[in-house]
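The structure under discussion appears below in the form of structure tokens.
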Amino acid sequence: MRRHFILILLLPLLSCHREGEGNGNDNANALLMEETSALERADEYPDTVEIRYAKGLRVSYESDGIHVLVSDPDPRARHTSPEEFVVSKPARRFVCTTALQLGNFEVLGLESRIVGINSLKSLFSPAIKEQIQKGQTVRIGREGVFDTEAVIASKPDYILVSASKHGGFDVLRQCGIPLIPHHGYKETDPLGQAEWIKLIGILTGETRRANAVFADIERKYLRLKEEVAQRTDTNDMPSVASGRQIREGWYAVGGRSYMANIFRDAGARYVMADNTASGGVTLDFEAAYAKSAEAQFWQTDGKYSGEYTLKALAQEDPRYATMAAYKSGKVLFCNLTETPYRELAPVQPHLLLADFVKAFHPELLPDYNPYYYKLIK
């Protein structure tokens with residue numbers, strides 16, 4: 001059943017700049033080396049948004065405001081129902097309950113709008129750290145143990161919540177503050193996931209910023225994807241495996257997942273491409289090893305204090321050292337302790353794509369230095 005709440009937002013004027021416009025002569029390597037911020041060009045972009053990639057967002061402009069329909073992008077989702085609201089006035093104060101929501105504000109330069117965040121184990125944003133230190137942003141606890149007094153005291157206009165969290169939000173509803181579902185992380189299209197920044201643009205009245213930033217992401221992602229497709233032989237793409245043993249099983253990304261699509265766009269053949277899961281999957285070690293042992297590359301991530309090495313990987317399980325990617329030194333690792341992956345990677349898919357292209361097809365990006373995923377030694 002749909003819930004309706006009325007937000008008030010002034011409808012902006014239409015500009016004529018088209019999203020995704022850029023210099024058609026720039027190759028991906030040059031685009032990724034750009035030093036200017038997309039925010040500097042925000043005034044060139046329209047203040048109405050169009051949704052083209054995100055499956056969970058629908059936007060229409062009506063006489064009473066901006067109508068936004070938010071739904072879970074996963075067609076198999078059973079715990080959520082579509083929610084529609086009308087926006088007619090900008091909001092200035094938000095509570096974020098996930099790192100990804102926080103990252104949406106960061107890339108738009110709107111950290112000052114965040115007055116509350118959950119107690120994230122790892123927080124990377126320098127601006128938010130400073131705001132916490134000054135008391136401008138408060139920690140509101142975690143799911144199930146939210147500090148409602150802190151929430152109410154922060155006087156948010158809205159609280160952004162996640163579809164994956166099925167408990168703890170009822171107490172927030174009792175605070176009388178509208179809850180806005182943010183399902184961006186459920187999108188399997190990399191550009192679809194990044195496009196949720198347009199929701200933040202609508203809620204904050206900063207749609208020009210959102211359009212400018214997304215157009216920059218889109219331009220760089222599509223240019224790099226196009227160059228990979230033009231310069232790689234589909235019959236001779238390198239193979240890539242995913243994940244490793246996590247407690248009771250080998251955790252890998254599904255064959256229809258966000259990361260699997262990144263692999264494809266980066267010009268690699270995922271060894272589990274025939275899997276139909278859109279999220280993560282857990283296999284027993286033997287089954288995962290059978291699929292992954294001969295892969296030319298291996299993607300994995302985790303938290304590690306210091307520099308993660310091939311030796312450290314083999315110490316987790318000596319069988320890892322028998323894998324082809326390990327032997328050839330082609331293991332790509334993202335250290336979640338050292339990089340803002342959970343905050344920013346979902347809204348920087350062009351950088352995530354570039355990390356893998358740099359590994360799979362380094363000749364395409366001679367000047368690029370990987371940001372999230374790096375080959376370990």
Side-chain angles (χ1 to χ4, degrees), residues 51-58 70-82 98 100 162-166 181-196 221-222 225 228-229 232 234-302 323-325 331-332 334 341-342 345-347 349 352-353 355-357 359-360 372-373:
I51 305 300
R52 296 199 301 276
Y53 301 94
K55 293 182 179 179
L57 274 180
R58 293 292 180 270
V70 176
S71 60
D72 192 321
D74 184 351
R76 298 169 298 181
R78 299 178 180 177
H79 300 285
T80 60
S81 58
T98 70
L100 170 58
S162 167
S164 69
K165 313 294 185 181
H166 305 310
H182 190 297
H183 304 316
Y185 73 100
K186 300 286 288 285
E187 300 281 353
T188 58
D189 184 322
L191 289 175
Q193 193 159 135
E195 198 168 30
W196 279 72
Y221 190 99
L222 293 180
K225 176 184 174 180
V228 169
T232 57
T234 56
N235 296 317
D236 190 31
M237 293 193 301
S239 55
V240 58
S242 167
R244 67 188 194 281
Q245 188 79 5
I246 304 294
R247 293 181 294 276
E248 72 282 355
W250 182 300
Y251 182 83
V253 298
R256 301 292 182 271
S257 67
Y258 174 93
M259 188 63 77
N261 287 326
I262 293 278
F263 293 155
R264 179 202 62 208
D265 292 347
R269 178 180 57 81
Y270 183 34
V271 298
M272 289 182 56
D274 58 346
N275 180 273
T276 60
S278 61
V281 294
T282 302
L283 308 172
D284 62 67
F285 189 98
E286 289 71 22
Y289 184 87
K291 286 183 171 289
S292 306
E294 299 303 319
Q296 293 164 270
F297 288 89
W298 180 7
Q299 168 267 335
T300 189
D301 59 39
M323 295 176 65
V331 178
L332 287 151
C334 177
Y341 179 87
R342 291 197 171 104
V347 287
L352 195 57
L353 177 65
D355 286 355
F356 289 106
V357 172
F360 302 154
Y372 293 110
Y373 278 92

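One distance of note links OH of Tyr185 with OH of Tyr258; it measures 14.5 Å at 0.5 Å rounding. Put simply, CH2 on Trp196 and CD1 on Ile51 are 9.0 Å apart, with the number rounded to the nearest 0.5 Å. Between the CG atom of Leu332 and the CG atom of Asp301 there is a distance of 11.5 Å, given to the nearest 0.5 Å. Taking OH from Tyr372 and CG from Asp355, the interatomic distance works out to 8.5 Å, rounded to the nearest 0.5 Å. The structure places CZ of Phe263 at 12.5 Å from CE of Met237, a figure rounded to the nearest 0.5 Å. In this structure, Asp72 CG and Lys186 NZ are separated by 3.5 Å, a value rounded to the nearest 0.5 Å.
Across every non-hydrogen atom of Thr300 and Tyr373, the tightest pair is O-CE2, 3.2 Å. Of all the heavy atoms in Asn261 and Pro190, the pair that sits closest is CB-CD, 4.1 Å. Scanning both residues, Ser239 and Ala295, for their nearest heavy atoms gives OG-CA, 3.3 Å. The nearest pair of heavy atoms linking Ala54 to Gly192 is CB-O, 3.5 Å. Of all non-hydrogen atoms in Trp250 and Gln245, the two that sit nearest each other are N-OE1, 3.3 Å. Taking every heavy atom of both residues into account, Val70 and Leu57 meet most closely at CG2-CD2, 4.0 Å.
Although no hydrogens or angles enter the test, the distance criterion places a donor-acceptor pair under 3.5 Å between the side chain of Glu195 and the main chain of Arg52. Side chain of Glu187 to main chain of Gly56: a donor-acceptor pair is present (N/O by atom type, distance under 3.5 Å, no hydrogens or angles). Judged by distance alone, with hydrogens and angles left aside, the side-chain atoms of Gln299 form no donor-acceptor pair with the main-chain N or O of Ser242 at under 3.5 Å.
Two residues are said to be in side-chain contact when any heavy atoms from C-beta on lie closer than 4.5 Å; Tyr221 and Leu191 meet this criterion. Taking the side chain as every heavy atom from C-beta outward, His182 and Ser162 never approach each other to under 4.5 Å. Taking the side chain as every heavy atom from C-beta outward, Gln193 and Tyr53 never approach each other to under 4.5 Å. Between Val240 and Phe356, every side-chain heavy-atom pair lies at or beyond the 4.5 Å cut-off.
By the ring pair (Phe, Tyr, Trp, His ring centres under 6.0 Å) test, Phe297 pairs with Phe360, sequence neighbours left out. For the side chain to side chain contact (heavy atoms under 4.5 Å, CB included) test, residues two or more places apart in sequence or in another chain that qualify with Ala325 are Trp298.
Within 6.0 Å of CZ on Arg342 lie no more than 12 heavy atoms contributed by other residues, nucleotides or ligands.
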Name the atoms and distances for all side-chain donor-acceptor pairs under 3.5 Å in residues 268-277, with sequence neighbours left out.
| unit_1 | atom_1 | unit_2 | atom_2 | d |
| --- | --- | --- | --- | --- |
| Tyr270 | OH | Val253 | O | 2.5 |
| Asn275 | OD1 | Gly255 | N | 3.2 |
| Asn275 | OD1 | Ala277 | N | 2.8 |

